[in-house]
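Down below is the structure, laid out as structure tokens.
These values consider heavy atoms only, across backbone and side chains, with no hydrogens, waters or symmetry-generated copies.
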Protein chains: 2
Amino acid sequence: MHKLLLDHIQKFIHLEPSEIETLESCLDVCKIKKKDHVLIEGQICNTMYFIVKGCLRQYIINAKGSEQTLQFGIENWWITDYLSYLNHVPTHFYIQAVENSEVIALEKSTLEAILLEIPKLERYFRIVSQKSFGAAQMRIKFLFTMSAEERYHHINSQFPEFVQRVPQYMLASYLDFSAEFMSKIRSGKV
Amino acid sequence: MHKLLLDHIQKFIHLEPSEIETLESCLDVCKIKKKDHVLIEGQICNTMYFIVKGCLRQYIINAKGSEQTLQFGIENWWITDYLSYLNHVPTHFYIQAVENSEVIALEKSTLEAILLEIPKLERYFRIVSQKSFGAAQMRIKFLFTMSAEERYHHINSQFPEFVQRVPQYMLASYLDFSAEFMSKIRSGKV
DNA sequence: TTTATTTCTTGAAGTAGTTCAAGTTTTTTA
DNA sequence: TAAAAAACTTGAACTACTTCAAGAAATAAA
């Protein structure tokens, strides 16, 4: 089932049938069990993951030993550590499945080969990463301008299904406040 | 003086002399005076700016009416609002020169034409935006894991010249604390 | 130079969040 | 279906920061 990725690509560029075939031959869907990691701090990240089904998250372990989620990825998103990937340096991050998930894991060497064969895919990855960067800028804006309570209500009104989908403590850390405080916001005790 | 941009591009891809010529014919350096804006909240962002000389920043005005800097750009960086640029929607941001600066302003229509003529530039922009996204991820990590004091000392040890280069209150908002608190950190009164 | 503007500093009072610890509920595993 | 593990809740004490207000210093403009 690479259809999802092919459709996603074709939202941004047009592919010839032969190119679709080439692509399909390089891609494999693989399953990742809930809580399994595809990247661990200190490793070099050599793979980009396209999420076909499920949910992954990127997180760090802070000085106090607790996890903080920096980013979630769901269906139709790419997730990776671009800095580690591009510069071939050890990553600062963990990437883990939040649910049982299916991803297309694209190795750097495979991707480079595909890009040589189908150069117009550069355009696809260019647009996708520009959008991701734009989203990261908006995320920083929200973190800077809203109070904890506002951040919770904002995500809850924009993405109510998503809020139900992930554990509260992960969402709390993603919104940069404690799980306890989240609990108080939800019960109106703040 | 497009040499800086051409050099930057050629760090990532190889250009033929003819391509360099094509490119040069499309580019113009323009000057932006300190405090002038190249983007104002509500406008649609149609331009990417490559900074040849000087410093620009992206900021917002928060609910209390004060400015918060989300991003700085210096020599060899691109600055724009990618979401507004790609989706043709009004921007949430201001982009302003912090110093008298020189930039290469690349209009969307010009860029699209250049990309058709020199498709391998897609690769350049792909890599640049992936790096930017990686940097944004690291920025979120620092904001999440370090205290205000740690963030100040970190930037001060990593980029001491830069810390001297911009007003303290702008840097404070970039690091997400108040100008007053920055002053106290610096004088050791915290 | 003088004046105006911008930037930086300082202390006092306030607050939006954290931390801890213990208990409860829900989900998963055997 | 029992037991274990994971996730959520609650209140009390604390703290890393903010806000305000006023003045001092530095920079830019006239």
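Under a cutoff of 6.0 Å and an axis angle of 45°, B:Arg126 and B:Phe12 do not form a cation-pi pair.
Look at CE on B:Met146: it is 18 Å from C1' on D:dC17, rounded to the nearest Å. The nearest whole Å value for the distance from the CD1 atom in A:Ile185 to the P atom in D:dC8 is 14 Å. In this structure, B:Glu149 atom CD and D:dT15 atom P are separated by 15 Å, rounded to whole Å. One can place CZ of B:Phe177 at 23 Å from P of C:dT15, the figure rounded to the nearest angstrom. Going from atom CZ of A:Phe181 over to atom C1' of D:dC8 covers 16 Å, rounded to whole Å. Protein atom CD of A:Glu67 is 12 Å distant from nucleotide atom C1' of D:dA6, rounded to whole Å. Atom OH in A:Tyr174 sits about 21 Å away from atom C1' in D:dA7, given to the nearest Å. Atom CD of A:Gln164 and atom P of D:dC8 are 10 Å apart (whole Å).
Mapping A:Asp176 and B:Tyr169 onto DNA chain C via the closest heavy atom, the residue that lands nearer the 5' end is B:Tyr169. Where B:Ala179 and A:Lys35 each meet DNA chain D at their nearest nucleotide, the meeting point lying more 5' is that of A:Lys35.
A sub-4.0 Å separation between OP1 or OP2 of C:dT18 and a side-chain N or O of A:Lys184 is absent. Taking only side-chain nitrogens and oxygens, B:Ser178 never comes nearer than 4.0 Å to OP1 or OP2 of D:dC17. Between D:dT9 and A:Gln168, a contact under 4.0 Å exists linking OP1 or OP2 to a side-chain N or O. Residue A:Lys64 has a polar side-chain atom (N or O) positioned under 4.0 Å from OP1 or OP2 of C:dT19.
In terms of hydrophobic clustering, with Ile, Leu, Val, Met, Phe, Trp and Tyr side chains grouped at heavy-atom distances under 4.5 Å, B:Tyr82 and A:Tyr124 are assigned to a common cluster.
Out of D:dC8, D:dT9, C:dT18, the shortest distance to the side chain of A:Glu180 is found at D:dT9. Residue B:Lys34 places its side chain closer to D:dA28 than to any other of C:dG17, C:dT9, D:dA28.
If you check the side chains of B:Ser129 and A:Ser129, you find a donor sitting under 3.5 Å from an acceptor.
Checked against the 6.0 Å centroid criterion, the rings of A:Phe177 and A:Tyr152 do not qualify as a close aromatic pair.
Results of the ring pair (Phe, Tyr, Trp, His ring centres under 6.0 Å) test with A:Tyr59 over A:Tyr174, A:Tyr94, A:Tyr169, A:Phe72 single out A:Tyr94 as the only residue that passes.
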